[in-house]
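Report on the structure given below.
Just so it is clear: chains get the letters A, B, ... in the order the sequence lines come, proteins before strands, and each one is counted from 1. Bear in mind that the values here come from a model prediction, so they are computed numbers and not experimental data.
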There are 2 protein chains.
Amino acid sequence: MNNRIRREDLKDKIMSAEDAALLIKDGMTMATSGFTPSGYPKAVPLALAKRAEGGEKIEITVMCGASVGDELDGSLSKAGVMTRRYPYQTNESIRNAINQGNIYYQDMHLSHVSQYMDYGFFGKIDVALVEALAITEEGCIIPTTSVGLTPQAIKNADMVIVEINTSQPLELEGIHDIYMTEKPPHRKPIPIIRPGDRIGTTFMPCAPEKIAAIVVTDITDKVRPLGPIDEPSRKISGHIIDFLKHEVKMGRLPQNLLPLQSGVGSVANAVLGGLVHSDFENLTCYTEVIQDSMLDLIDAGKITIASSTALTPSEEGLKRLYENMSHYAKYCILRPMEISNNPEVIRRLGVIAMNTAIEVDIYGHVNSTNIMGSRMMNGIGGSGDFTRNAYFSIFTTVSTAKNGDISSIVPKVSHVDHTEHDVTVIVTEQGLADLRKTSPRERARKIIQNCAHPSYRDMLMDYLKEAEKGKFKHQPHSIKEALSWHARFLETGSMKVWKKNQDIGSSLNKKKLALSNT
Amino acid sequence: MNNRIRREDLKDKIMSAEDAALLIKDGMTMATSGFTPSGYPKAVPLALAKRAEGGEKIEITVMCGASVGDELDGSLSKAGVMTRRYPYQTNESIRNAINQGNIYYQDMHLSHVSQYMDYGFFGKIDVALVEALAITEEGCIIPTTSVGLTPQAIKNADMVIVEINTSQPLELEGIHDIYMTEKPPHRKPIPIIRPGDRIGTTFMPCAPEKIAAIVVTDITDKVRPLGPIDEPSRKISGHIIDFLKHEVKMGRLPQNLLPLQSGVGSVANAVLGGLVHSDFENLTCYTEVIQDSMLDLIDAGKITIASSTALTPSEEGLKRLYENMSHYAKYCILRPMEISNNPEVIRRLGVIAMNTAIEVDIYGHVNSTNIMGSRMMNGIGGSGDFTRNAYFSIFTTVSTAKNGDISSIVPKVSHVDHTEHDVTVIVTEQGLADLRKTSPRERARKIIQNCAHPSYRDMLMDYLKEAEKGKFKHQPHSIKEALSWHARFLETGSMKVWKKNQDIGSSLNKKKLALSNT
């Protein structure tokens with residue numbers, strides 16, 4: 001424990017998770033460590049949930065870096081402790097509670113969160129609950145597998161509860177680079193000019209007297225599996241690599257490209273994975289999360305540095321990371337999400353942003369969050385931070401979903417997270433549409449012809465041509481039909497138009513099946 | 001002329017506008033000076049239009065900083081010379097051509113334009129056509145009443161045509177601060193930490209051998225009138241000032257606020273104008289344009305510095321400016337639009353962004369561009385650059401339009417330019433909705449109750465409650481009804497629901513009237 005709690009007087013603060021959880025009271029606002037199921041507190045949330053399950057009324061607001069693991073997001077939402085949540089989530093239990101109207105959720109750009117906390121926009125932060133690798137002699141806190149909003153949580157909270165997690169290897173020490181911005185009007189330029197620049201400390205400042213409790217635990221990060229790299233993902237990755245090669249050839253990109261960003265999840269993992277066998281060398285990443293394919297790129301000698309705010313491996317990847325931590329640590333930097341996702345730095349570096357869409361419309365608007373306009377999936381996460389400020393902003397999606405009953409290319413998206421002004425390239429397994437220098441109607445033809453699934457192309461062209469008969473031809477819409485594809489899906493279980501003589505029984509079954517899958 | 005062309009050998013390049021226009025050929029891409037009807041080239045576009053009117057085929061792509069005056073946007077669009085236009089416009093003739101499908105228009109974030117030119121995303125820039133105050137001994141070019149994208153136009157173009165405009169007073173010299181960023185991976189931090197910081201030169205670099213022609217003209221900027229400050233604008237301004245006072249009181253803003261940005265046009269002018277009689281002192285502006293009310297603020301001793309990319313006065317304001325140029329110049333800086341609108345600087349300074357919306361929906365999405373989803377008004381301009389990166393992003397709109405037949409608050413906007421993730425505050429003459437810390441359904445109630453016109457409040461609440469009966473309650477929409485208000489307006493001339501026994505004749509007349517006004 002001397003390695004983990006290096007300041008003697010703080011050892012008096014060690015207590016059980018149950019005792020620490022008693023410090024968290026009904027009505028409080030709690031900000032925690034964690035970004036993806038990495039580096040989030042585990043023991044105290046479980047103890048807190050148990051109290052609520054025992055009948056005590058505890059309703060709190062919870063802010064984390066992004067989504068976190070089930071011990072926090074799952075247990076607190078199931079127990080009814082979490083009544084309000086910012087700024088992102090992926091946990092099934094929370095998602096259901098949000099969609100049932102039982103958790104108030106504000107879906108935010110991740111780069112906004114830490115500064116809004118500093119500005120006082122969230123009100124008083126009562127408690128920071130933080131997983132730590134160790135506490136230094138000065139009482140400063142060393143994060144574990146993610147940084148997220150933790151530095152600002154510690155800075156702004158009235159008290160800090162620390163979970164020392166002994167399952168996190170001490171070799172993680174030194175991987176972090178903690179830098180916090182001042183509030184305006186005192187803010188200075190963030191001095192990162194290369195993805196690998198270290199500008200801060202390896203620990204998060206903390207006044208020792210703010211530490212109210214220390215809990216020792218060894219519960220591991222509940223990392224999520226990554227889907228296998230399937231054929232559509234491989235094709236998407238191939239289209240992107242061809243595009244990047246072309247841009248290099250045209251002199252619009254350096255030979256080693258520009259820093260890469262790739263979103264969270266299996267498709268994003270596959271997209272980066274495709275680079276392992278490409279000719280590109282000396283690549284860099286300035287991104288949000290380091291997934292398994294980044295380890296492959298490091299092993300293949302393709303990557304010189306990967307900057308992010310979290311290690312987000314699969315279970316296999318985590319094992320690989322832990323077994324070779326000092327090796328991988330040489331290539332990785334973990335920063336606060338205010339810095340990993342900062343518009344200033346992303347624009348300066350000229351990041352190539354690659355994010356996944358739920359659906360895209362013919363004019364290049366992207367829905368990343370609300371299925372059929374209302375059903376929250378996860379949230380916008382960092383996709384807006386990267387997209388708006390990127391050198392290229394690339395969105396990927398498989399051209400259909402639900403066995404072909406949903407077209408991911410629609411006349412008008414049912415919710416807009418990224419506007420036509422923000423999107424450079426759309427890619428599906430069918431092909432790639434480069435939207436630079438295009439008016440909306442040119443864009444529509446490119447997207448339909450290059451990206452839509454063949455079974456929807458004619459329907460999309462019919463919509464476009466019908467809309468073009470209207471009076472206003474800049475971005476033609478038939479306002480009555482614009483969302484009709486979504487309405488049809490909700491009614492019939494398919495965006496396809498059914499023929500009149502179609503068997504009603506099978507249509508209803510189809511509908512049932514589709515809705516049960518939704 | 002020695003004052004205006006200070007390099008002797010360049011005097012050989014003086015020629016008529018007609019001769020200079022001959023350098024511009026069919027198929028070319030032309031980037032020009034100008035931002036709002038200020039500092040744009042005038043004589044050469046008029047000569048070019050005349051050639052086309054005489055039957056010559058000249059079709060070119062035109063890029064300006066934003067909208068420009070009629071001599072350029074009007075004459076080239078009327079003559080059919082302009083077939084493609086980036087990134088913003090306000091001229092009636094272009095707007096009609098865009099909406100008729102005769103000009104390809106890409107509506108872009110203004111901060112993206114200069115860098116995309118540098119990146120080569122627009123292809124080769126054949127000619128830069130630039131209004132100048134003077135040319136220095138080194139051949140460098142001093143801008144006039146705006147900067148816009150001119151420095152990058154000169155840098156990237158194969159040849160430069162200069163219009164020396166003798167109607168622009170020489171006292172403008174020194175007001176400009178020209179700084180250009182490098183391309184990634186060589187880009188450095190932009191060293192502005194206060195709105196008044198000067199970081200560049202007072203002229204735009206230009207290799208003298210690139211100057212292909214110099215035309216001398218005295219055609220004045222065709223500035224636009226500003227509407228009188230009416231009662232709704234006064235109320236909107238009042239709500240904003242109350243909000244800002246409250247934020248100061250809560251310790252979330254300094255006494256002298258943070259740098260202000262206010263959009264273009266009469267409402268934006270009125271919003272700033274309201275500050276003249278407020279208690280605020282030592283204000284600063286980091287904004288896009290300097291309109292008449294900024295002169296009032298300077299005269300009232302309220303403003304210490306106003307940074308922008310253009311002087312955009314009314315005819316009266318221009319007179320006032322010209323008569324006291326050396327006085328006003330002490331308070332004003334004109335920067336390239338890449339800097340005036342730069343996300344890095346806007347976020348660092350913590351700008352308070354105030355922009356106008358065409359319509360806003362109950363969940364806080366904003367339409368700034370496309371009326372009824374398809375009809376291009378002007379474009380997004382810089383509103384996205386400021387909004388996304390602001391300390392507060394405030395959107396203003398009068399709660400109804402077309403004599404009450406359009407509600408500016410709708411169930412779902414017909415086009416999204418600013419998402420729910422980007423908007424902090426909505427203000428109408430009815431009141432103000434602070435959207436911080438709100439889930440979508442909380443937001444809807446605030447917007448409906450505080451901002452919607454009383455005659456539409458019940459209809460909006462009915463929509464919301466009906467939508468909340470659906471299965472997914474995060475951001476409830478009835479997908480079939482979401483755009484029905486727009487459809488109803490297009491059909492009947494009003495968003496209001498008409499009673500069954502209503503007189504058909506008057507309804508039709510009403511429809512006719514509304515459409516003719518559209």
Quick one: of A:Thr61, A:Val413, A:Thr419, A:Asp434, who has the most non-hydrogen atom pairs under 4.5 Å with chain B?
A:Thr419
Shortest non-hydrogen contact from A:Gln106 toward B:Thr438
OE1-N, 3.2 Å
Within the 4.5 Å heavy-atom criterion, are B:Ile193 and A:Pro189 side-chain neighbours or not?
yes
Turns out that what part of A:Gln115 lies under 4.5 Å from chain B's heavy atoms comes down to side chain
If I compare all heavy atoms of B:Ile479 with all of A:Ser414, which pair ends up nearest, and what's the gap?
CD1-CB, 4.1 Å
Just verifying a value: how many Å separate B:Asn389 CG and A:Asp385 CG, rounded to the nearest 0.5 Å?
9.5 Å
We want to know whether A:Asp422 and B:His112 form a side-chain donor-acceptor pair, criterion being a heavy-atom distance below 3.5 angstrom.
no
Please classify the contact between A:Ala482 and chain B as side chain, backbone, both or neither, with a heavy-atom cut-off of under 4.5 Å.
side chain
Rounded to the nearest 0.5 Å, what separates atom OG1 in B:Thr369 from atom NE2 in A:His421?
5.0 Å
Taking the six-membered ring for Trp, are A:Tyr391 and B:Phe121 parallel (under 30°), tilted (30 to 60°) or perpendicular (over 60°)?
perpendicular
Find the one option among B:Asn370, B:Val351, B:Ile103 whose heavy-atom pairs under 4.5 Å with chain A are most numerous.
B:Asn370
Honestly, the part of A:Tyr86 sitting under 4.5 Å from a heavy atom of chain B is side chain
From B:His474 atom NE2 to A:Tyr105 atom OH, the distance as rounded to the nearest 0.5 Å:
7.0 Å
Ignoring hydrogens and geometry, is there a side-chain-to-backbone donor-acceptor pair from B:Ser374 to A:Phe472 under 3.5 Å?
no
Contact class of A:Thr181 relative to chain B, heavy atoms under 4.5 angstrom
neither
Side chain, backbone, both or neither: which part of A:Leu435 has a heavy atom under 4.5 Å from chain B?
backbone
Contact origin within A:Met250 toward chain B - heavy atom pairs under 4.5 Å:
neither
In terms of heavy-atom pairs under 4.5 Å, which option from B:Ser111, B:Ser478, B:Pro191 contacts chain A the most?
B:Ser111
Is a donor from one side chain sitting under 3.5 angstrom from an acceptor on the other, for A:His109 and B:Arg388?
yes
Check side chain to side chain donor-acceptor pair (under 3.5 Å) between B:Tyr104 and all other residues, then give those that pass, not counting sequence neighbours.
none
Would you say that B:Arg252 contacts A:Tyr119 through its side chain, given a criterion of any heavy-atom pair below 4.5 Å between the two side chains?
no
So NZ of B:Lys480 and NE2 of A:His486: to nearest 0.5 Å the spacing works out to 14.5 Å
Do A:Glu442 and B:Arg84 come close enough that some side-chain heavy atom pair is under 4.5 Å?
yes
Under 4.5 Å between any side-chain heavy atoms of A:Lys412 and B:Leu483, yes or no?
yes
Chain A heavy atoms under 4.5 Å from B:Thr284: which part of the residue, side chain, backbone, both or neither?
neither
Cut-off 4.5 Å, heavy atoms of chain B, and the answer for A:Arg85 is neither
Aromatic ring proximity, centroids under 6.0 angstrom, A:His415 and B:His365:
yes
Below 4.5 Å from any heavy atom of chain B, which atoms of A:Glu182 appear? Answer side chain, backbone, both or neither.
neither
Sort out for me which of A:His186, A:Arg443, A:Glu420 touches chain B most, counting heavy-atom pairs under 4.5 Å.
A:Glu420
What are the residues of residues 341-348 of chain B, in order of number, with any heavy atom under 4.5 angstrom from a heavy atom of chain A?
B:Asn342, B:Pro343, B:Glu344, B:Arg347, B:Arg348
Taking salt bridge (Lys or Arg N to Asp or Glu O under 4.0 Å) as the test, write out the residues that go with A:Lys469, two or more places apart.
A:Glu466
With chain A, which of B:Arg436, B:Lys437, B:Gln475 has the greatest number of heavy-atom pairs at distances under 4.5 Å?
B:Lys437
Qualifying residues under salt bridge (Lys or Arg N to Asp or Glu O under 4.0 Å), relative to A:Asp417, sequence neighbours excluded
none
A:Leu349 versus chain B, heavy atoms under 4.5 Å apart: side chain, backbone, both or neither?
backbone
Leading residue by heavy atom contact count with chain A [cutoff under 4.5 Å; candidates B:Leu258, B:Asn102, B:Ile190]
B:Leu258
A:Pro254 versus chain B, heavy atoms under 4.5 Å apart: side chain, backbone, both or neither?
side chain
